[in-house]
Amino acid sequence: MGKGKVLVVGGTGYVGRRIVKASLAQGHPTYVFKRPEIGLDVDKLEMLLGFKKQGAHLVEGSFSDFQSLVDAVKLLDVVICPMSGAHHRSHNILMQLKLVQAIKEAGNIKRFLPSEFGFDPARMGHALEPGRVSFDEKMIVRKAIQDAKIPFTYVCGAAFASYFAGNLSQMGTLFPPKEKALICGDGNIKVTILEEDDIAAYTIKTIDDPRTLNKTLYLRPPENELSQKQLVEMWENLIGKKLEHISISEQDFLASMKGMDFAGQVAVGHLYHMFYEGALTNFEIGEDGEEASKLYPEVKYTRMDEYLKLYT
């Protein structure tokens with residue numbers, strides 16, 4: 001069998017551009033959805049043209065033109081939609097419902113991967129307001145996919161290294177602290193952190209793999225399941241300096257929401273579930289899931305001690 005033809009919807013986004021890169025690198029005929037809504041965003045234009053130079057095809061269409069969605073989907077075997085669900089960027093999760101309708105109408109798609117890549121929303125029914133909106137909307141999309149009987153893979157389970165590793169999981173910065181590290185609770189809760197290109201590589205591996213059909217792929221490579229304390233210690237070893245550790249109680253962490261804007265409150269809620277509950281790692285993967293590094297040992301994922309060297 002040949003490599004599945006892939007359409008990336010949201011290919012100029014934070015995760016999407018890495019998905020396009022990984023799809024091309026793994027030899028898939030790769031198509032990127034080009035929307036007129038980018039307007040005069042020249043950075044996105046340059047990215048699209050760069051993809052074309054690398055061998056990707058551009059397919060024009062719009063979420064406001066349903067037939068254009070159907071026509072685009074009919075060209076491909078696989079649709080991946082890494083559209084943003086982050087409130088500090090753009091929050092477009094429910095826009096995928098139109099794409100689900102188009103995939104159902106087209107009737108030819110062998111696999112659909114919707115916007116996931118973080119917490120497994122099926123395990124987040126208890127999530128705090130207002131951050132639970134992200135999980136509730138992802139479950140609405142999942143229900144639509146399954147009601148339409150569309151073959152799927154959900155990719156879940158990792159924190160992005162750019163947001164959680166280089167800053168030692170400090171809020172409000174993307175760089176490591178110089179003197180003091182704020183530690184969530186006792187700092188011993190395990191969190192899976194992956195470099196974004198590795199997330200994309202694992203994602204593309206799934207699309208022609210019958211083992212991941214109608215399953216959730218969890219991104220939990222064992223060497224990247226780390227506590228915040230372990231992450232801080234890695235950094236201390238790299239720079240040869242001990243930081244002051246300041247523990248933040250659960251109560252004080254949640255109280256920090258007060259006075260924040262909506263996006264900030266969402267972020268605090270998600271971090272609470274990650275670092276105080278261990279929501280990325282506190283469960284066993286069941287029969288409806290697979291673990292990425294076990295299925296694809298050939299992916300040489302970046303260890304965080306190596307990643308942190310970029311910040312020295």
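What you see is a predicted model; the values in this text were computed from it and never measured.
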Should [X] and [Y] count as side-chain neighbours, where that means a heavy-atom distance under 4.5 Å?
X    : Y    : result
M83  : M95  : yes
S293 : E291 : yes
I285 : R220 : yes
E37  : S64  : yes
V42  : L40  : no

Please report the shortest heavy-atom distance between [X] and [Y], naming the atom on each side.
X    : Y    : value
A56  : L24  : N-CD2, 3.9 Å
K190 : S227 : CD-N, 3.5 Å
L76  : A72  : CD2-O, 3.0 Å
E195 : M304 : N-CE, 4.1 Å
E250 : Y272 : OE2-OH, 2.8 Å
P114 : V141 : CB-CG1, 4.3 Å

[X] side chain to [Y] backbone, donor-acceptor under 3.5 Å:
X    : Y    : answer
D198 : V299 : no
Q54  : K52  : no
S68  : S62  : yes
Q26  : A201 : yes
Q170 : L182 : yes
N167 : Y163 : yes
E277 : A279 : no
D41  : K44  : yes
T192 : E225 : no
E116 : V155 : no

Compute both the distance and the angle, then confirm whether R142 meets the cation-pi test with Y154: under 6.0 Å from the six-membered ring centre, within 45 degrees of the axis.
yes
Looking at [atom1] of [X] and [atom2] of [Y], how far apart are the two atoms once the value is rounded to the nearest 0.5 Å?
X    : Y    : atom1 : atom2 : value
I183 : L243 : CD1   : CG    : 8.5 Å
L45  : T12  : CG    : OG1   : 10.5 Å
N92  : C81  : CG    : SG    : 8.5 Å
L217 : C156 : CG    : SG    : 8.5 Å
L308 : I239 : CG    : CD1   : 10.0 Å
L194 : F117 : CG    : CZ    : 12.5 Å

Shared ILVMFWY cluster between [X] and [Y], side chains joined below 4.5 angstrom?
X    : Y    : value
M257 : M274 : yes
M234 : I189 : no
L280 : L128 : yes
I204 : L295 : yes
L113 : L213 : no

Does the pair F262 and Q265 meet the rule for a side chain to side chain contact (heavy atoms under 4.5 Å, CB included), with working shown?
CA-CA 5 Å; F262 185 84; Q265 291 181 38; 5.8 Å; no
Residue among Y31, F112, F152, F33 satisfying side chain to side chain contact (heavy atoms under 4.5 Å, CB included) with V79:
F112
Start with the C-alpha gap between K143 and I140, add the side-chain angles, then the distance that decides, and say whether side chain to side chain contact (heavy atoms under 4.5 Å, CB included) holds.
CA-CA 5 Å; K143 184 177 187 304; I140 290 170; 5.9 Å; no
Pair [X]-[Y], side-chain donor/acceptor within less than 3.5 Å:
X    : Y    : answer
S23  : T30  : yes
E196 : S162 : yes
E236 : H245 : yes
Q96  : S115 : no
N237 : E233 : no

Less than 6.0 angstrom separating the ring centers of F135 and H126, yes or no?
no
Aromatic ring proximity Y14/F160, centre distance under 6.0 Å
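Ring centroids of Y14 and F160 are less than 6.0 Å from each other.
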For S134 and H270, what are the C-alpha separation, side-chain angles and deciding distance, and is it a side chain to side chain contact (heavy atoms under 4.5 Å, CB included)?
CA-CA 10 Å; S134 303; H270 290 185; 3.6 Å; yes
Verdict with supporting geometry, Y296 and Y301, ring-ring contact (aromatic ring centres under 6.0 Å, His included)
CA-CA 10 Å; Y296 312 115; Y301 64 91; over 10 Å; no
Could you tell me whether [X] and [Y] make a salt bridge, using a distance below 4.0 angstrom between a side-chain N and a carboxylate O?
X    : Y    : value
D209 : R211 : yes
R123 : D120 : yes
E290 : K215 : yes
K34  : E60  : yes

Given salt bridge (charged side-chain N to carboxylate O under 4.0 Å, His left out), test K309 with E306 step by step and report yes or no.
CA-CA 5 Å; K309 289 179 181 177; E306 287 295 316; 2.9 Å; yes
Using the side chain to side chain donor-acceptor pair (under 3.5 Å) rule, pick out the option among T206, D208, T212, D77 that qualifies with R111.
T212
Can you pull the ring-ring contact (aromatic ring centres under 6.0 Å, His included) pairs that have at least one residue in residues 196-224, sequence neighbours excluded?
Y218-F283
Could you give me the CA-CA distance, side-chain angles and deciding distance for Y311 and L238, then say whether side chain to side chain contact (heavy atoms under 4.5 Å, CB included) is met?
CA-CA 10 Å; Y311 292 80; L238 279 173; over 6 Å; no
In terms of the angle between their ring planes, are F253 and Y276 parallel, tilted or perpendicular, with boundaries placed at 30° and 60°?
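Tilted.
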